[in-house]
Amino acid sequence: MIGDQGMTSKRLGATGSMLAVLIIICVTGLSTPVCADSTAYKGETGDDVQLLLMMVQAQPEQWTDGAMGEDAVASDDLGDLVEQVEGSDEPMVSIADPLQPWNRMWHHFNDKVYFWMFKPMAQGYRVVVPESFRVTFSNFYTNATAPVRIFNNLFQLKFDYFFTEFGRFLINTTMGFVGFRDCAKDCFGIRPHDEDFGQTLGHYGVGHGIYLVWPFLGPSSARDTIGKGADSVLSFTGIFGPVDLEVPVWAGIKVHETINQISFRIGDYEAVKKASIDSYIAIRDGYAQRRKKAVKE
Amino acid sequence: MRRKFVMIAISILVLLGGTCFAGPALDSVKGDVDEVLKVLKDPVYNGEAGKKAKADQIHKISMKMFDFAELSKRTLGVHWNKFSSPQRQEFVDLYKRLLEDAYIDKVTSYTDERIEYTKEVQLSDNAFEVQSTIVTKSAEIPVFYRVLNKDGQWRVYDVVIEGVSLISNYRSQFREILANNPPESLLDTLRKKVQKK
């Protein structure tokens, strides 16, 4: 049907293809500095590089115990770290957590909610609903929150991404059947650039404040909670006036969105939990690292 | 005319994308990952019977691909020096087993996701970050490998998935234990964790 690219471009018409060219140029503009930014990158990860240099110079040490398994590491690799940089064992990213006991309680609660409710629901759902349908729903929900990304890119004056997201929204809402198909990516290779209001605040220097774990919603922070609130106003229903939905219908949609999302990621949380010594800290640190990256981009 | 315009724009895009692709670090990571994929796709290891053999093969490749001593040092940071030599050896071994146990299921559950290698970025004289993306039907997951060149061998010392560095994540967990306890208590926690599986 629309899968054929030749057909698609014919359907686009004059304005459509001009838009496509505009978007392609935008995307091209973005990919240009790819090679050049290695030095900039170096600067940003200065701590990392320093740590690295320090560790590279580790001194080989003689080691007496020879009875090691076949996988034993060469003794040369196990020497002291020579230079100790003050505070180098601090995590590179951190987040204040004065409410830790409270947060841990909700972390525990969410763990149970996942294993007793969300996971079995998503597993059943995955059996009943074929993957292609689930992808289709996922596309729809993503498109419905396009205004969040459009406006937040604009707020951060990221005009290239603003046009990318705006273009994606136009293409997917029309040619993608109200967003059920991510035609912008499939037909034109235009990839999304996620931004939310928490990132906008971060972009202008607002810190996390404190770490917060919400029941059902999971890890967040004071800043990102405010961000979520603002984004709900910016989302599709917020802008075009709340479509008159009964509360149960709205809740049903939210639950479907959640289960649909989880159906793709069954096993991820389990892996994190299995790999961690303290899953609470692992997730908190993961959240802080991920959000830091999101704000930077 | 308009079509020509589009074609030119696309070819510029392709050209720019292709200029700084490969390098020795990227080739090395890609080579190792390809080996893993080959094992995963090999019908010899299908079913329950082949599961153990498959895991063994992957273990062999990971021993070559990862520098677990480097990974351990970077995770512990200055705490490393508080460990005695036998403790260091044991830590490296336990940490390695913890990671393998936790991620082997994830690796073997791979089906037909596509892996795209974007570029390599130099971090220091002999360290590079190889950037890749795992493309699934519903998402694109950025996976970056940080590799170090030792005597001409490229080996991974950190993996950054969706912006989360593996060694930083463990550092924040181990730090809590090492802040108030001797190295032995971290080793004890790891021993229990690894045996529990």
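Each chain gets a letter, A, B and so on, in the order its sequence line appears, and its residues count up from 1. Bear in mind the structure is a predicted one, so any value in this text is a computation, not a measurement.
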Subject >> Part of A:N139 lying under 4.5 Å from any heavy atom of chain B >> reply: neither
Original post:
Do other residues, nucleotides or ligands put more than 12 heavy atoms under 6.0 Å from B:E184 CD?
Top reply: yes
Original post:
With a 4.5 angstrom heavy-atom cut-off, which part of B:F91 approaches chain A: side chain, backbone, both or neither?
Top reply: neither
Subject >> chain B contact via A:E131 - which portion, at a heavy-atom distance below 4.5 Å >> reply: side chain
**OP:** Of all the heavy-atom pairs spanning B:E140 and A:R191, show the shortest one and how long it is.
**Re:** OE1-NH1, 3.4 Å
Original post:
If every non-hydrogen atom of A:A275 is compared with every non-hydrogen atom of B:Y103, which pair is closest and at what distance?
Top reply: CB-OH, 3.7 Å
Subject >> side-chain contact (heavy atoms from CB on, under 4.5 Å), paired with A:I277, selected from B:E176, B:K193, B:K192 >> reply: B:K193
**OP:** Inspect the surroundings of NZ in B:K150 and state if more than 12 heavy atoms from other residues, nucleotides or ligands are less than 6.0 Å away.
**Re:** yes
Subject >> Under 4.5 Å from a heavy atom of chain A, the part of B:L98 involved >> reply: side chain
**OP:** Report the C-alpha distance between A:Q289 and B:N169 in whole Å, list the side-chain angles of each, state the deciding distance to 0.1 Å, and finish with yes or no for side-chain contact (heavy atoms from CB on, under 4.5 Å).
**Re:** CA-CA 9 Å; A:Q289 285 197 51; B:N169 195 267; 4.2 Å; yes
**OP:** Enter the distance from B:I161:CD1 to A:D268:CG here, rounded to the nearest 0.5 Å.
**Re:** 9.5 Å
Subject >> Portion of B:L178 that has a non-hydrogen atom of chain A nearer than 4.5 angstrom >> reply: neither
Subject >> A:R265 versus chain B, the contacting section by heavy-atom distance below 4.5 Å >> reply: side chain
**OP:** Would you name the heavy atoms of B:V164 and A:G286 that are closest together and state the gap between them?
**Re:** CG2-O, 3.5 Å
Original post:
Considering only heavy atoms, which portion of B:F83 lies under 4.5 Å from any heavy atom of chain A: side chain, backbone, both, or neither?
Top reply: neither
Original post:
So what's closer than 4.5 Å to chain B heavy atoms on A:R284: side chain, backbone, both or neither?
Top reply: side chain
**OP:** First locate atom CD1 of A:I283, then atom CD of B:Q173, and finally report the distance between them rounded to the nearest 0.5 Å.
**Re:** 9.5 Å
**OP:** Decide if atom NZ of B:K60 counts as having more than 12 heavy atoms of other residues, nucleotides or ligands within a radius under 6.0 Å.
**Re:** no
Original post:
Under a 4.5 Å heavy-atom cut-off, does chain B meet the side chain of A:S132, its backbone, both or neither?
Top reply: neither
**OP:** Work out which heavy atom in A:K293 is nearest to a heavy atom in B:P142; give both atom names and the distance.
**Re:** NZ-CG, 4.1 Å
Subject >> B:K38 atom NZ: more than 12 heavy-atom contacts under 6.0 Å >> reply: no
